[in-house]
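Heads up: the structure comes next, in structure tokens.
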Amino acid sequence: MTEPFSWPAPIRAGHWLLAATTGIAWFNRHASGSWHEGFGYAVLFIVLCRVVAGLRMPAPYAFRSFLTTPLVAMTYARTLIGGAVARHRGHNPLGGWMVVTLLTLLGVVCLSGWMYTTDRFWGIEWVGNLHAWSSDILLVCIALHISGVLFSSWRENQNLIATMIRGRKTTSDRPPRHQ
């Protein structure tokens, strides 16, 4: 067994708070009152905290530590599907890009939602469309994220969901699965 990788409690708490607040905002999107808006602001606050943390934290938690080139990510994707896959202590190349994609989409959804509440942008069609379309794309990416975590957990022979609960990612002596 190699030395475990630890996700700090604030990162894990932010992950689960972001999932919860995003879900609550989405399920309240048609409700009267300010639930949707309030949880949208909570999502935006958590996203901003994660972006600041990703820019300021030391390796291996900083974005610069786990973002690869698109070519490396695509090579990893091909290997994940068809060959021997390497385990990663933190995010794998696809997971790193998914973090950035989800945070960016959440930022677009929240900012376009906020814009729509201002006098300047209220009723402007492109702002409403941007909010709706980015929300739909976000749902697809969330489904891809969950599917990717489940597939990677199976393929790499490790429980990534437990990692985001306990905070410790261990790589066992069990080899990754091959197709």
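Reckoned from all heavy atoms, side chains included, excluding hydrogens, waters and symmetry mates. One-based numbering along the sequence shown.
Inter-residue side-chain proximity for L138 and T22 is flagged as met; some heavy-atom pair is nearer than 4.5 Å. A 4.5 Å side-chain heavy-atom check between S152 and N92 finds at least one atom pair inside the cut-off. Looking at S135 and R29, their side chains never come closer than 4.5 Å, going by heavy atoms from C-beta outward.
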So V100 and L103, side chain to side chain contact (heavy atoms under 4.5 Å, CB included) or not? Walk me through it.
CA-CA 5 Å; V100 172; L103 291 173; 5.9 Å; no

For W97 and T68, what are the C-alpha separation, side-chain angles and deciding distance, and is it a side chain to side chain contact (heavy atoms under 4.5 Å, CB included)?
CA-CA 8 Å; W97 279 105; T68 63; 3.6 Å; yes

Applying side chain to side chain contact (heavy atoms under 4.5 Å, CB included), run through R50 and I11 and close with a yes or a no.
CA-CA 8 Å; R50 181 59 181 104; I11 297 290; 3.9 Å; yes

One pair to check against side chain to side chain contact (heavy atoms under 4.5 Å, CB included): I161 and L150. What are the steps and the verdict?
CA-CA 8 Å; I161 296 170; L150 294 173; 3.7 Å; yes

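Through direct or indirect side-chain contacts shorter than 4.5 Å among Ile, Leu, Val, Met, Phe, Trp and Tyr, F45 is connected to no other residue. F27 shares a hydrophobic cluster with W26, L139; the chain of contacts runs through ILVMFWY side chains whose heavy atoms sit under 4.5 Å apart. Hydrophobic cluster of Y116: the remaining members, joined at side-chain heavy-atom separations below 4.5 Å, are Y41, V108, W114, M115, F121, W122, I124, W126, V127, L130, listed by chain and number.
Between the S34 side chain and the E37 main chain, no donor and acceptor come within less than 3.5 Å of each other. Without hydrogens or angle criteria, W154 side chain to N159 main chain gives no donor-acceptor distance under 3.5 Å. Listed for the R12 side chain is a donor-acceptor partner under 3.5 Å among the backbone atoms of I165.
Counting non-hydrogen atoms of other residues, nucleotides and ligands closer than 6.0 Å to CZ of R56 gives a total of 12 or fewer.
L105 and W133 sit in two unconnected hydrophobic clusters of ILVMFWY residues. Membership requires side-chain heavy atoms under 4.5 Å apart, directly or through other members. Hydrophobic clustering, with ILVMFWY side chains joined whenever heavy atoms are under 4.5 angstrom apart, keeps M98 apart from L71. The cluster map of Ile, Leu, Val, Met, Phe, Trp and Tyr, joined by side-chain heavy atoms under 4.5 Å apart, puts L144 and I146 in the same cluster. The cluster map of Ile, Leu, Val, Met, Phe, Trp and Tyr, joined by side-chain heavy atoms under 4.5 Å apart, puts V52 and M57 in different clusters. Both W16 and V47 are part of a single hydrophobic cluster, where members link through side-chain heavy atoms under 4.5 Å apart.
Between V109 and S134, the shortest heavy-atom contact is CG2-OG, 3.3 Å. The two atoms that bring L102 and C141 nearest to each other are CD2-CB, 3.8 Å, heavy atoms only. Nearest approach of P93 to A73, heavy atoms of both residues: CB-CA, 3.8 Å. For C110 against V43, the heavy-atom pair with the smallest separation is SG-CG1, 3.6 Å.
Applying the side chain to side chain contact (heavy atoms under 4.5 Å, CB included) rule to L48 yields the partners L44; only residues at least two apart in sequence or on another chain are considered. Contacts of I46 classified as side chain to side chain contact (heavy atoms under 4.5 Å, CB included), with partners at least two apart in sequence or in another chain: L17, L18, T21. For F63, the ring-ring contact (aromatic ring centres under 6.0 Å, His included) criterion is met by F66, not counting sequence neighbours. Applying the side chain to side chain contact (heavy atoms under 4.5 Å, CB included) criterion to A20, with sequence neighbours excluded, gives no partner residue. Residues passing the side chain to side chain contact (heavy atoms under 4.5 Å, CB included) test with M74 are R78, sequence neighbours excluded. Residues meeting the side-chain hydrogen bond (donor to acceptor under 3.5 Å, both in side chains) test with H131, sequence neighbours left out: S112.
How far CD1 of I142 is from OG1 of T101: 12.0 Å, rounded to the nearest 0.5 Å.
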